[in-house]
Structures are given as structure tokens and as C-alpha cells.
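Data block below; observations after.
Just so you know, these numbers use all the heavy atoms, side chains as well, and skip hydrogens, waters and symmetry mates. Model, not experiment: these values are computed from the prediction. Starting from 1, each residue takes its place in the sequence as its number.
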Amino acid sequence: MIMKKILLHISCVFTLAITMSGCKKQLEEYYTNPDKTTNPTIEKLFSSMLDNNRVRPTYWDLRTLQFNQMGKYCQMTAFLNELTTYSQNDDYIQNRWNDFYTPNNQGNNANDAGSGSGPMAQYRTMQRLFKALPIDERPNMEVFMMAGRVILLDQTAQMVDMFGDIPYSEAGSLDATATISSPKFDPQAEVYDTVLTQLKEMADWFAATTLNTVATSAFANQDYVNHGSLSKWRRYINSLRLRYLMRQSYVYEDRAKTEIQEILSNPLQYPLVDGDGVGDTYSPYNTDVLIFQLTNYTNNLDNAFTEIKAHAAPDYMLNTVMLPVNDPRIPLMFDKFGVSINKVFTPNATYRAMSQQWTQVMQSDSISYFSTIDSTTYRFNSHLPGIMMTAAETNFLKAEAFERWGLSGGTAAASYNLAVRQAIAFAYYLHSTNTTQYEAVTQPSTADVDAFLAKSAVAYSGTSDEKLGKIWTQKWLAYGFTQCGQAWAEYRRTKYPKITIWQSTSSIYPTPPTRFTYPASEKAYNTSYSAVQANDTRTTKIFWDVK
């Protein structure tokens, strides 16, 4: 029954084989506002786009997709070495696909499994409503259209990173144009081009615009990510440009180099989410682009971790990257854990992760003897924010650009060192969001971070390739457990960190995939699927995956 409902909702966006009147009725029932009114409005639909539990860290997304699939593929999370470890869970992939094209965030219970905000469907409705507005009312709503487009573009790029070619330009035709069509799969490089071109347009629009009083008030009320701050939207947009230009930079290097140089040499025109040079003491709450849990959210991530044994500390992350350099984030990210014998708990003496190369039986028997994901920061924290962009990510991207191309506007070493400092400060910030501190941990001091940055494995030294490897490894680490999608994308792009892939004995799924294959609904109902069927394999690479 659940799958039937999902397919019906998708059919309304993809205009599949049911009647138009039935689709319209379903859309009317499904496009409801966050306040449950019956008539959708542009500003409420914008807020609903932001209300996305594929961005907030919640049980369903992390348990079914991030930990269980993407995290495994780049060893951001630990996992049991089962025969089918690297197989795609088709139901979960179908669910993720649906959550981009149709809203699934309309429930009253903040703890339910409803995950995605359906940015494609929401934005198509916004376009229709905006088109119907009287000309003199459009200036009041234009900022919502622009900001909503930014959200859609970011989510669209993430869909390309997972699947490759996707329905984009013709998706949602029923609500946008009242026509039924089977949407084509747009070539992934063309979708990326659209994303980057339109993000540049949005950057220039936000830089030049001045809102009237009606728009200013409405936007501040409905924007619960950047709280109506045009300055913060500008920074977010330009950091997104930096992210996606760099992601395709080994394919379209000239474009990436030219546009990134323009951004870095014009900070007044193209400001970034970079912390303005502040490292150890920067404020993630004020600087980064975050989406916070709803006030009535009371759940936590413990089950998402423990149900699939992802609460075990990842081997490569802890044993190879962090412990040898005494990374100050270790107590913020991990518990030593321990064993209970005759109801007496004995903590483990040191931090240590169990090997990812062991057999499943050895892993299952050994978890208690090794470190686990931190209880305060991650497992029992009901206040973890969703991460849309951080200063650390931006500065790691800047460091890569300076190192590869020698651009003006800064240096690779300064950007790298700043990014590491901000990543450490951000780890402490996440720890501090929990109102229940299971173990008191102080913020690493500037002296601690100085000593860490002086370690040869971390210090910005060596050949250019070695420096890039440090940038990419530290960025992977900074993404943390709730940004497995970004970590998996960057791992495929850069081939860092240099993890040892556990080889399954399965003849079908011996190693991690390089993309998700399309869900059942597309194969069964979208007649345009035939155009992409030949490349719909788990080993087909995303266009930017060329190293």
C-alpha cells in the first residue's frame, strides 16, 4: 500500500499513466502548506522547501541512505562485512528519488519518517502561482522565487551526484504547464551547467536587489535558514558555486578556474561563507548555513547508528587519520566505550576502532571492545542541525583552488590552516548543541590546534600532490557523519582519503558502486527511461568522476 501511494505521488509529478483529473486531485491534496491551510501560497511553499529532513539529520535519511549506503562507500561510517554490503537497497533509493520530486514533509509529527520536501514539485507550484500574480504584487514575492531556486539548484546538483542524468527541465510539467508528458532525462553535464549558470544569476541578483518593506518583512518571517538576511544568502550562493565548480573541475577546468578566480578576487561582489578569517573562535551559529530541528522534535540518532552497527568508530578515520596525530576532535567525535561483565561496566583504556577488514562474525563479537560514535555529539543529541554550508568546507575549496592554479586572492596554506581550525571549532559546536552533556569536554585551545597543525601528517608541507591529499582528507573528515553524501561525492572526485576497500565475495556487488541505479518507478513508467537504460549500471561513473 505504501509503495502504491509513492508511485501515485510520483505519477502526479511525472504525469504517468493515470488520468489528468486524478493527478490534479492528488496534487491538491498533497501540496499543502506547513500551516495546513488549503490554498498554497508562494511564501509558505518556500518555507516548506526548506523543511527538508533530507538536510536535517533525522533517523530515516541517515539510517536508510547516508549511513547504510553512501557512508559505507567512502568509509565515513563503519559497517558489517556482509555478502551484500555493497548492494543497493532499491526501496530506500526509490524513497530518496521520490523525496526530490514530491513533498513528503506534510505530517504533524516531527518525529515521523516523512523526509524530503519535494523541492521540484514545490518550486513548480511556486512558478505557477507567481505567474498568476498581478504585476504590481510580484516585487513582494520575487525574493522567494530567487531563494527557492537556489534551494532547488543545490538539491538538483546533489541528485546528479547520486544518479547522473535526471529528469529536470520537463519534470513537474503537470503543475507548471497543465500538460502531461513523460519527462526526458537531461544529460548530467547539462544539468550542472544549468545549476552553475543560474547560481551565478542568483549571485548577481541578490547583490543588486533591495527589497521593499513588504518583501523584507515576509522574507524574514518565512526564511528560517538565513532569517531573511540577503548577505547570508549571497554568501551561501557563492559557496555553492565554489563547491560545484570545483566538483566538475577535472572535466571543465577552464570554466572552474576562471569563475573561481572571479569569485576569489571580488569578495565584495561575491562574498563567501568563509568566516572572514576567524578560525578557533568563529561562530558556526552565526556564520554557517544551517537548518535547525523543529522545536517539537524529540528524537535522536541512536537507532539510526546502532540498528546497522554504524555506531562503531570507522577504522580508517580513527586509526589512520586521527590517532597518529592526536587529533583534538577525537573526544568530541568518539566514546572509548567498554564491556559489561556481571553488570559491571569496564571502559576501554584507549580510543581505538576495530578493523574494517575483519569478518562479519569477528566484527559482531568485538564491537564492545572498541570505540563508538560519541553519545553527546551524535547519538543522543536531539539538536543537531542540518548542514547546508560551512566555513570549513569553503576554505578547503579555496585551498584546493589556490594550490592547483595559483590564483590571486589568498594562499593555499592560509586557507587550509583556517579550514582545519574551523573544522575543529565546528566539531565542538556540534558537541555543545546537546543540552545533556554525557561527558564534559572542553573546546580545544589555540595551543592544542597549533600543535596539531604542526604534526607532519597535517602540516601544509610536501609536494603539491601531497598537499592536495591533505586538503581532501581533512575535508572528508570535516564533513562528519551527517554529510555522507558530500563525502561520497568528493571521494569519487578526488579518490581521497586513501581507504582500503573491503572486497566482498559477492560476484554482483564486490565493491562499492560509483552511482545509484534508477528506481523502479522510472523503469516501469517513464517512457524516456529507454534513452538512459544502457548506462543505468552501478559502475557507470558520474561525469565529473575522471581521476
Side-chain angles (χ1 to χ4, degrees), residues 51-63 66-67 71 76-78 109-112 115 224-225 280-314 317-318 322 327-338 345 347-348 351 353 371-393 421-445 448-449 477-484 487:
D51 184 22
N52 193 343
N53 284 345
R54 293 293 182 178
V55 179
R56 288 194 192 95
T58 53
Y59 167 84
W60 186 251
D61 182 61
L62 297 180
R63 163 64 174 81
Q66 294 212 46
F67 297 165
M76 179 59 68
T77 53
N109 180 6
N111 294 302
D112 68 14
S115 291
Y224 53 83
V225 170
D280 302 331
T281 60
Y282 102 104
S283 169
Y285 180 85
N286 293 316
T287 302
D288 297 334
V289 182
L290 309 171
I291 179 171
F292 293 92
Q293 301 289 357
L294 300 177
T295 56
N296 59 337
Y297 177 78
T298 58
N299 211 335
N300 59 55
L301 302 180
D302 186 51
N303 287 340
F305 280 108
T306 58
E307 286 176 1
I308 54 174
K309 309 303 181 185
H311 63 298
M317 179 185 291
L318 182 56
M322 302 182 78
D327 194 307
R329 287 166 287 192
I330 291 174
L332 298 170
M333 296 174 64
F334 302 105
D335 291 330
K336 292 178 182 177
F337 205 45
F345 179 76
N348 296 324
Y351 291 101
S371 301
T372 58
I373 304 301
D374 189 72
S375 300
T376 299
T377 304
Y378 290 104
R379 290 173 56 189
F380 298 103
N381 189 351
S382 298
H383 304 286
L384 275 178
I387 303 168
M388 299 169 70
M389 183 60 67
T390 66
E393 179 181 357
R421 290 183 182 279
Q422 290 169 334
I424 294 170
F426 188 79
Y428 179 75
Y429 167 72
L430 292 182
H431 183 86
S432 70
T433 60
N434 197 341
T435 55
T436 301
Q437 296 286 304
Y438 295 96
E439 182 179 0
V441 179
T442 58
Q443 181 169 1
S445 67
D448 292 334
V449 180
L477 177 59
Y479 279 131
F481 308 119
T482 63
Q483 285 188 287
C484 293

(request) Calculate, to the nearest 0.5 Å, the distance between atoms CD1 and CZ belonging to Ile424 and Arg421 respectively. (result) 8.0 Å
(request) Work out which heavy atom in Leu301 is nearest to a heavy atom in Pro57; give both atom names and the distance. (result) CD2-O, 3.7 Å
(message) Is there a side chain to side chain contact (heavy atoms under 4.5 Å, CB included) between Tyr297 and Asn299? Walk through the geometry before answering.
(response) CA-CA 6 Å; Tyr297 177 78; Asn299 211 335; 3.5 Å; yes
(message) Is there a side-chain contact between Val289 and Val225 in this structure, where contact means two heavy atoms from C-beta onward sitting under 4.5 Å apart?
(response) yes
(message) Any donor-acceptor pair under 3.5 Å linking the side-chain atoms of Asp335 with those of Ser375?
(response) yes
(request) Would you mind reporting whether Thr390 and Pro284 have side-chain heavy atoms less than 4.5 Å apart? (result) no
(request) Please report the shortest heavy-atom distance between Ala427 and Arg329, naming the atom on each side. (result) CB-CG, 3.8 Å
(message) Can you confirm whether the side chains of Glu393 and Tyr479 place a donor and an acceptor under 3.5 Å from each other?
(response) yes
(request) Taking all heavy atoms of Ala78 and all of Ala313, pick out the closest pair and write down the distance. (result) CB-O, 4.1 Å
(message) If I compare all heavy atoms of Phe334 with all of Pro314, which pair ends up nearest, and what's the gap?
(response) CE2-CD, 3.7 Å
(message) Distance alone, cut at 3.5 Å: any donor-acceptor contact between the side chains of His431 and Gln437?
(response) yes
(request) Quick one: do Phe305 and Phe67 satisfy ring-ring contact (aromatic ring centres under 6.0 Å, His included)? Show the steps, please. (result) CA-CA 8 Å; Phe305 280 108; Phe67 297 165; 4.3 Å; yes
(request) Test side chain to side chain contact (heavy atoms under 4.5 Å, CB included) on Tyr429 and Thr433 and set out the steps. (result) CA-CA 6 Å; Tyr429 167 72; Thr433 60; 3.9 Å; yes
(request) Please check if the side chain of Ser371 supplies one atom and the backbone of Ala353 the other of a donor-acceptor pair under 3.5 Å. (result) no
(request) Would you please name every residue forming a ring pair (Phe, Tyr, Trp, His ring centres under 6.0 Å) with Tyr282, sequence neighbours left out? (result) none
(request) Check whether any side-chain N or O of Gln66 sits under 3.5 Å from a backbone N or O of Arg63 as a donor-acceptor pair, and report yes or no. (result) no
(request) Would you check if the side chain of Asn381 reaches a backbone N or O of Thr377 as a donor-acceptor pair within less than 3.5 Å? (result) yes
(message) Between Asn434 and Phe380 (side chain of the first, backbone of the second, donor and acceptor by atom type, cut-off under 3.5 Å), is there such a pair?
(response) yes
(message) Testing the basics here: between Val441 and Tyr428, what is the closest heavy-atom pair and its distance to 0.1 Å?
(response) O-CE1, 3.4 Å
(request) For Asp288 and Leu290, indicate whether the former's side chain and the latter's backbone hold a donor-acceptor pair under 3.5 Å. (result) no
(message) Restricting to non-hydrogen atoms, name the atom on His311 and the atom on Thr306 that form the minimum distance, rounded to 0.1 Å.
(response) ND1-CA, 3.6 Å
(message) Please check if the number of heavy atoms outside Glu307 that lie under 6.0 Å from its CD is greater than 12.
(response) yes
(request) Report the C-alpha distance between Arg56 and Thr482 in whole Å, list the side-chain angles of each, state the deciding distance to 0.1 Å, and finish with yes or no for side chain to side chain contact (heavy atoms under 4.5 Å, CB included). (result) CA-CA 9 Å; Arg56 288 194 192 95; Thr482 63; over 6 Å; no
(message) Side chains of Asp448 and Ser445 only: does a donor on one sit below 3.5 Å from an acceptor on the other?
(response) yes
(request) Begin from the C-alpha positions of Thr436 and Thr376 and carry the test side chain to side chain contact (heavy atoms under 4.5 Å, CB included) through to its verdict. (result) CA-CA 7 Å; Thr436 301; Thr376 299; over 6 Å; no
(message) Going by the rule salt bridge (Lys or Arg N to Asp or Glu O under 4.0 Å), which residues pair with Asp374 if we only count those two or more places apart in sequence or in a different chain?
(response) none
(request) Fit a plane to each ring of Tyr285 and Phe292, take the angle between them on a 0 to 90° scale, and name the class: parallel (under 30°), tilted (30 to 60°) or perpendicular (over 60°). (result) tilted
(request) Can you measure from CD (Gln293) to OG1 (Thr58) and round to the nearest 0.5 angstrom? (result) 7.0 Å
(message) Distance check, rounded to the nearest 0.5 Å: Asn53 atom CG versus Asp61 atom CG?
(response) 8.5 Å
(message) Can you list everything that forms a salt bridge (Lys or Arg N to Asp or Glu O under 4.0 Å) with Asp302? Sequence neighbours excluded, please.
(response) Arg379
(request) First locate atom CG of Leu62, then atom OH of Tyr378, and finally report the distance between them rounded to the nearest 0.5 Å. (result) 11.0 Å
(message) Given Met333, which partner from the list Leu318, Leu477, Asp327, Ile373 fulfils the side chain to side chain contact (heavy atoms under 4.5 Å, CB included) test?
(response) Leu477
(message) What I'd like to find out is whether the side chain of Met76 reaches to under 4.5 Å of the side chain of Cys484, using heavy atoms alone.
(response) yes
